[in-house]
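Remember, it's 1-based here, ligands and their atoms both numbered in the order they're listed. What you are looking at is a predicted structure, and each value in this text was computed from that prediction instead of being measured.
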Amino acid sequence: MAKVRSRDTGPELAMRRALHAAGLRYRLHSRDVPGHPDIVFRSRRIALFIHGCFWHRHPGCKATRVPKSGISFWLGKFEENMARDRKVEASLVTAGWNVIVVWECEVLNPALVADVVAQIRHAPQFSRRR
Ligand SMILES: [Zn+2]
C-alpha cells in the first residue's frame with residue numbers, strides 16, 4: 001500500500017500519446033521540479049499530473065468509493081494524499097510553474113484530452129537562454 005503513484009500507467013501513456021501526436025515534447029518525472037510531476041513542459045513552465053481518481057480523490061467521481069473495511073485507515077491515507085497534492089501544487093506555483101491536473105477517468109474522454117493538449121500548445125514559451 002506504500003506505493004501511491006505508479007509510473008507508465010495506461011491513462012498516463014494515453015495522455016502522452018496525445019501530447020506526442022500534437023507535436024509537444026516533454027520530460028517525465030523530472031527530479032528537479034517540485035513534486036516530480038508526471039509530465040513537464042519546461043519551456044512553457046507547465047507541470048502536468050495524471051491523478052489516479054481513487055488515490056487522489058477525484059471530486060464526484062465513481063472511482064472514489066471508500067473500501068468497506070479499515071475505513072479510518074483509508075480516510076487517513078486519502079487525507080495524506082490530498083494534503084501532499086496541495087503542498088506540491090503550492091510549491092510549484094511559488095516556483096513559477098503552471099499546474100494542470102488531469103484525472104485518470106478524464107483521459108478516456110477524447111474531447112477533454114484535446115482541450116488539455118490545446119491549452120498546453122497555446123501556452124507561452126519562455127526561452128531559457130534569456
Ligand atoms: Zn475520476
> Which protein N, O or S atoms sit under 2.8 Å from the Zn ion (ligand 1)?
Replying inline: C53 SG, H58 ND1, C61 SG, C105 SG
> Do R45's NZ or CZ and the ring of F41 fall within the cation-pi criteria of under 6.0 Å and 45°?
Replying inline: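 The answer is no, since R45 fails at least one limit relative to F41.
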> Does E89 come within less than 4.0 Å of R86, counting only side-chain N to carboxylate O?
Replying inline: no
> Would you call D38 and R27 a salt bridge, using N to O less than 4.0 angstrom?
Replying inline: no
> Do the rings of W74 and W55 sit parallel, tilted or perpendicular, given the 30° and 60° boundaries?
Replying inline: tilted
>> Check the orientation of F78 and F54. Use parallel for under 30°, tilted for 30 to 60°, and perpendicular for over 60°.
In response: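 Taking F54 first and then F78, their aromatic rings stand perpendicular (interplane angle over 60°).
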With a 3.5 Å cut-off and sequence neighbours excluded, list the donor-acceptor pairs that the side chains of residues 107-124 form with protein atoms.
from, atom 1, to, atom 2, distance (Å)
N109, OD1, A111, N, 3.0
N109, OD1, L112, N, 3.3
H122, ND1, A118, O, 3.0

